[in-house]
Amino acid sequence: MNLHGMKAIYRFEMARTWRTLWQSIVSPVISTSLYFVVFGAAIGSRMQEIDGIAYGAFIVPGLIMLSLLTQSISNASFGIYFPRFTGTIYEVLSAPISTFEIVTGYVGAAATKSVILGLIILATAALFVPLRIEHPLWMLAFLVLTAVTFSLFGFIIGIWAEGFEQLQFVPMLVVTPLTFLGGSFYSIDMLPPLWRTISLFNPVVYLVSGFRWSFFGTADVHIGVSVAMTLVFLALCLAGIAWIFRTGYRLKA
């Protein structure tokens with residue numbers, strides 16, 4: 001295994017984060033903080049508790065998951081698309097490094113950045129609302145697993161995209177609406193039976209529910225189902241990447 005090759009890709013992608021610190025870290029944290037101010041302080045103070053949890057604290061897992069999903073996809077998709085756009089992808093493809101090592105370098109860096117961002121947002125949330133984490137190991141497991149899964153998904157989008165506008169299409173017009181409708185700001189148990197059933201077809205529901213369970217021990221769906229759905233999506237992403245490298249689909253510039 002070419003550890004030096006993987007390390008080179010990983011360090012290059014991480015270095016790009018520190019060069020664009022405002023866009024990569026500061027901007028998402030400020031945006032999420034505004035959600036806490038508006039929903040947690042202004043609106044949350046006027047709402048009743050949900051499952052015995054203050055509304056400001058209840059939305060924390062959903063907001064972290066919202067940032068985690070969008071940033072994981074954006075980081076990974078841009079990381080592989082930009083070399084295709086500039087033509088430097090040929091340097092990677094001609095290097096003595098396997099496809100597994102290429103994916104590990106790019107996806108590992110994107111997932112690392114997303115996990116760091118999620119932890120920063122969690123620390124920021126603690127400044128606005130009282131938090132408790134009943135299952136910290138499960139919380140970290142969900143954080144890492146979700147970051148890796150959606151970084152793989154972002155890698156696929158970066159291969160598929162033909163322009164910069166397509167890089168933003170899935171995060172902004174698909175993932176963000178699904179996250180808002182996936183119980184980030186409410187419990188799906190509050191919905192009428194028909195809409196609750198429809199919500200169960202939203203895969204983000206299982207991510208938010210499992211992540212919220214790690215904080216408060218309460219969830220809209222069973223924790224086992226949440227873990228299973230996350231692993232299924234991870235398996236689908238791995239299968240998609242395997243197909244891309246096997247067929248060479250749009251891997252070049």
Side-chain angles (χ1 to χ4, degrees), residues 1-33 60-61 63-84 88-89 92 95 97-126 133 136-159 167-168 170-171 175 179 204 207-208 210-211 214 227 230-231 233-235 237-238 240-241 244-245:
M1 180 176 292
N2 189 346
L3 296 178
H4 292 290
M6 285 192 299
K7 184 178 179 180
I9 294 175
Y10 181 87
R11 291 182 62 182
F12 178 82
E13 288 299 303
M14 292 303 295
R16 182 165 57 84
T17 300
W18 309 131
R19 291 195 302 268
T20 58
L21 189 63
W22 180 268
Q23 179 183 357
S24 301
I25 301 295
V26 178
S27 180
V29 171
I30 292 177
S31 299
T32 307
S33 297
V60 170
L63 289 177
I64 295 176
M65 192 60 65
L66 172 63
S67 297
L68 193 69
L69 299 186
T70 55
Q71 291 301 313
S72 294
I73 293 175
S74 297
N75 289 332
S77 61
F78 185 83
I80 189 61
Y81 175 78
F82 193 71
R84 291 179 56 229
T88 56
I89 188 65
V92 177
I97 184 171
S98 68
T99 55
F100 171 79
E101 292 157 355
I102 293 174
V103 174
T104 301
Y106 281 109
V107 171
T112 300
K113 288 183 281 187
S114 299
V115 169
I116 291 173
L117 179 61
L119 293 176
I120 293 175
I121 293 176
L122 177 60
T124 304
I133 304 177
L137 293 180
W138 273 106
M139 186 274 291
L140 290 175
F142 264 104
L143 198 67
V144 173
L145 186 60
T146 304
V148 171
T149 300
F150 279 82
S151 293
L152 289 168
F153 187 43
F155 190 92
I156 295 174
I157 293 173
I159 297 295
L167 293 179
Q168 298 299 320
V170 174
V175 174
T179 306
V204 179
L207 301 176
V208 174
F211 196 52
S214 69
V227 174
T230 305
L231 293 176
F233 194 69
L234 174 61
C237 290
L238 289 173
I241 287 181
I244 286 172
F245 280 103

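Worth knowing before you read on, the calculation uses all heavy atoms, side chains too, and leaves out hydrogens, waters and symmetry mates.
Under the ring pair (Phe, Tyr, Trp, His ring centres under 6.0 Å) criterion, F82 pairs with F78, sequence neighbours left out. Taking A125 as the reference, F36, V60, L131 meet the side chain to side chain contact (heavy atoms under 4.5 Å, CB included) condition, with sequence neighbours excluded. For the side chain to side chain contact (heavy atoms under 4.5 Å, CB included) test, no residue two or more places apart in sequence or in another chain qualifies with L137. Applying the side chain to side chain contact (heavy atoms under 4.5 Å, CB included) rule to L238 yields the partners L152, L234; only residues at least two apart in sequence or on another chain are considered. For the side chain to side chain donor-acceptor pair (under 3.5 Å) test, residues two or more places apart in sequence or in another chain that qualify with S67 are T32. E13 pairs by the salt bridge (charged side-chain N to carboxylate O under 4.0 Å, His left out) definition with R16, not counting sequence neighbours. With sequence neighbours left out, T230 forms a side chain to side chain contact (heavy atoms under 4.5 Å, CB included) with F142, L145, T149, L207. Residues that satisfy the side chain to side chain donor-acceptor pair (under 3.5 Å) test with S151, not counting sequence neighbours, are absent from this structure.
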Legend entry - Verdict with reasoning, L140 to L119, per side chain to side chain contact (heavy atoms under 4.5 Å, CB included): CA-CA 9 Å; L140 290 175; L119 293 176; 4.3 Å; yes
Inset, instruction - Run the numbers on I64 and L143 for side chain to side chain contact (heavy atoms under 4.5 Å, CB included), then give the verdict. - result: CA-CA 9 Å; I64 295 176; L143 198 67; 4.2 Å; yes
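Counting only heavy atoms from C-beta outward, the side chains of I159 and R84 approach each other to under 4.5 Å. Looking at heavy atoms from C-beta onward, L117 lies out of side-chain contact with L68 at the 4.5 angstrom threshold. Counting heavy atoms from C-beta on, the side chains of F155 and I241 come closer than 4.5 Å. Side-chain atoms of V115 and V148, non-hydrogen and from C-beta on, never get closer than 4.5 Å to each other. Contact of the I133 side chain with the L122 side chain is registered, since non-hydrogen atoms from C-beta on lie closer than 4.5 Å.
Between atom CD1 of residue I30 and atom CD1 of residue I121 there is a gap of 11.5 Å, rounded to the nearest 0.5 Å. To the nearest 0.5 Å, the span separating CD1 on I116 from CE on M14 amounts to 4.5 Å. Atom CE of residue M65 and atom OG1 of residue T179 lie 9.0 Å apart, to the nearest 0.5 angstrom.
Checking side-chain atoms of S77 against main-chain N and O of S74 turns up a donor-acceptor pair under 3.5 Å. Listed for the S214 side chain is a donor-acceptor partner under 3.5 Å among the backbone atoms of F211.
Pairs passing the side chain to side chain donor-acceptor pair (under 3.5 Å) check and including a residue from residues 100-110, sequence neighbours excluded, read S98-E101.
In plain terms, the two heavy atoms of S114 and A147 that are nearest each other are CB-CB, 4.1 Å. Minimum heavy-atom separation, I102 to I9: CA-CD1, 4.1 Å. Here the shortest heavy-atom pairing between I73 and I157 reads CG2-CD1, 3.7 Å.
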